[in-house]
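Below is one structure, written out as structure tokens, with a few remarks after it.
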Amino acid sequence: MGQYIAPLRDMQFVLHEMFNVTEELKAIPKFEDVDADIINQVLEEGAKFTQEVLFPLNHSGDREGCHYDAASKSVTTPKGFKDAYQKYVDGGWAALACDPEYGGQGLPVVLNNSFYEMLNSSNQAWTMYPGLSHGAYECLREHGTEQQKKLYLPKLVSGEWTGTMCLTEAHCGTDLGMLRSKALPQDDGSWLITGSKIFISAGEHDMAANIVHLVLARVPGAPEGSKGISLFVVPKFLPNEDGSVGARNPITCGAIEEKMGIHGNSTCQMNLDSAKAWIIGEPNKGLNAMFVFMNAARLGVGMQSLGLTEVAYQNALVYARDRIQMRSLSGPKAPDKPADPIIVHPDVRRMLLTAKAYAEGARAFSSYVALQIDRELHHPDADVRKEAADEVALLTPIIKAFITDNGWIATSEAMQVYGGHGYIAEWGMEQYVRDARINMIYEGTNTIQSLDLLGRKILMDNGAKLRKFGEKIKAFVEDNGTDEAMSEFITPLGELGDKVTKLTMEIGMKAFQNPDEVGAACVPYLRVVGHLVYSYFFAQMAKIALAKEDSGDNFYKAKLATSRFYFGRLYPETAMLIRQARSGAANLLALDADLF
């Protein structure tokens with residue numbers, strides 16, 4: 001169904017021309033030998049795998065879905081998924097950004113991030129299986145014991161085993177402080193966990209020899225709320241000392257959820273009946289450890305929506321060039337045909353450019369954050385690591401919420417290009433809309449991300465992280481403010497920076513009097529800051545494109561046109577959003593709940 005061609009040219013533009021990643025990586029001894037040839041070769045091979053192996057399974061996997069067998073409590077994935085996973089493992093893709101100590105290839109996150117965009121464009125439901133495994137790897141590498149690392153990490157790195165995160169329970173959702181799963185200590189140092197979890201992506205499947213579940217539960221005497229949560233590793237099969245799989249552990253799938261989208265992924269209800277477990281880190285400190293997994297997942301979810309935005313845009317563009325309907329308002333553009341291709345119509349252009357701009361903005365933004373993660377984890381200078389960590393903390397909720405909000409907008413616009421055909425399953429477009437909708441919900445809803453950004457990341461440190469990022473924007477504005485050709489990008493960027501500063505101070509003052517003001521303002525506020533970030537990156541892209549506009553390479557003309565569209569058509573949303581954020585909590589809370 002449809003097509004997917006990895007956007008290698010734009011990826012290379014972002015990595016090499018915008019961020020000059022090879023020079024950035026030379027400052028990190030671990031990556032000093034990663035040159036442009038290595039990056040380009042990995043991207044090209046990744047494109048082949050995703051285009052040829054995964055994309056052909058996307059539509060069929062959605063139509064078939066996963067199959068649950070109640071007798072054996074097992075799940076069979078759609079036809080072709082298991083074989084594709086074996087090719088993924090055989091190709092070494094699981095090990096791309098993992099530590100060589102555990103069998104990884106030791107390549108940077110910024111490169112792995114681009115590969116994951118391709119994976120998600122080609123097949124989001126399939127990609128969730130290995131994507132969650134990488135999060136489990138990161139969590140165990142950071143917080144596991146040496147024995148746990150030795151036992152589990154090589155298997156996760158190779159892809160021989162997969163991983164999950166088991167957080168949510170039916171009664172608590174995001175409020176994990178309410179969870180009820182219990183862990184009882186055993187004489188041998190292990191624990192036995194009893195409880196039920198829901199919405200566990202890739203919780204049971206037939207693609208790997210073992211599944212490593214990371215499970216949140218309470219130990220005896222634990223404090224109430226989130227301060228009393230511990231984290232455990234609970235394997236599907238108990239590992240033997242030699243790393244082979246042993247006895248079946250009583251953590252089983254009770255059912256798979258019937259979902260709106262991502263049908264190819266087994267979203268499971270998982271039951272633990274005295275399942276054998278081992279604690280990760282200290283008792284009652286599990287949420288801190290799990291945040292390593294959750295933050296990786298939030299970046300990953302942003303990449304899911306970037307992937308869907310890109311593939312939806314590509315297919316809508318092909319359709320718009322081919323489909324003929326009506327004549328152009330300014331006169332026939334294809335006089336040899338009975339009607340013009342719909343790409344000549346202004347509003348079709350608006351829909352296509354919305355998806356294109358949101359894809360290109362997200363690609364630049366997510367690549368920048370991924371590079372900061374590499375600096376945070378591996379740069380030899382502690383001050384650089386701290387600065388990068390602060391930026392990653394600030395930008396992570398924006399990555400998750402802004403990109404996924406925009407992915408929902410973009411996939412819907414791309415479906416609209418098709419008219420009635422977009423609503424019909426055989427064209428494949430409606431799947432992208434259905435798949436995109438979950439990305440705004442899981443790994444912390446977008447409202448939760450907005451509260452995190454405004455309440456925790458900005459107001460709790462009096463805006464220090466935001467000011468640091470703002471200084472980069474201010475420096476760029478000052479460096480380019482006298483360039484007349486850049487004024488159409490620099491002027492709105494500088495104005496929005498000032499408006500964000502004033503808006504933040506205003507909400508902060510209100511919040512001192514009434515904390516509900518944060519909840520009332522946070523969602524439009526995050527979108528305003530998201531546009532500030534995109535404005536910064538589109539201005540950078542425009543600067544490069546202006547310098548190369550006459551090079552004969554039409555790529556730069558298209559980039560410049562997309563930047564102008566962003567500032568002319570998408571950026572103006574900020575005026576409405578600022579008014580919404582300033583309108584306060586009263587218009588939301590004045591109506592008594594009984595009067596709704």
Less than 4.0 Å between a side-chain N and a carboxylate O, is that true for [Y] and [X]?
| X | Y | value |
| --- | --- | --- |
| E387 | R375 | no |
| E391 | K472 | yes |
| E471 | R467 | no |
| R350 | D347 | yes |

List the steps, then state whether ring pair (Phe, Tyr, Trp, His ring centres under 6.0 Å) holds for F13 with F555.
CA-CA 10 Å; F13 169 80; F555 173 87; 5.3 Å; yes
Under the salt bridge (charged side-chain N to carboxylate O under 4.0 Å, His left out) definition, can you give me all pairs with a residue in [range], not counting sequence neighbours?
| range | answer |
| --- | --- |
| residues 536-547 | none |
| residues 522-533 | D405-R527, R527-E573 |
| residues 362-371 | D10-R363, E117-R363, E310-R363 |

Residues forming a side-chain contact (heavy atoms from CB on, under 4.5 Å) with K557, sequence neighbours excluded:
E549, N554
Is the side chain of S412 donor-acceptor paired with the backbone N or O of I409 at a distance under 3.5 Å, no angle test?
no
Is the F199 to Y442 ring centre distance short of 6.0 Å?
no
Holding to salt bridge (charged side-chain N to carboxylate O under 4.0 Å, His left out), I want the full list of residues that pass it with [X], two or more places apart in sequence or in another chain.
| X | value |
| --- | --- |
| D461 | K465 |
| D553 | R9 |
| R385 | none |

Can you list every pair that meets side chain to side chain donor-acceptor pair (under 3.5 Å) and has a residue in residues 484-496, with sequence neighbours left out?
E488-R564
Considering only residues two or more places apart or on different chains, which pairs with a residue in residues 288-303 satisfy side chain to side chain donor-acceptor pair (under 3.5 Å)?
none
Would you mind writing out the side-chain donor-acceptor pairs for residues 584-596 within the sub-3.5 Å range, not counting sequence neighbours?
from, atom 1, to, atom 2, distance (Å)
N587, ND2, S583, OG, 3.2
D592, OD1, D594, N, 2.9

Review item, side-chain donor-acceptor pairs of residues 224-231, under 3.5 Å, at least two apart:
from, atom 1, to, atom 2, distance (Å)
S230, OG, N284, N, 2.7

Identify, with sequence neighbours excluded, every residue that meets side-chain hydrogen bond (donor to acceptor under 3.5 Å, both in side chains) alongside K468.
D390
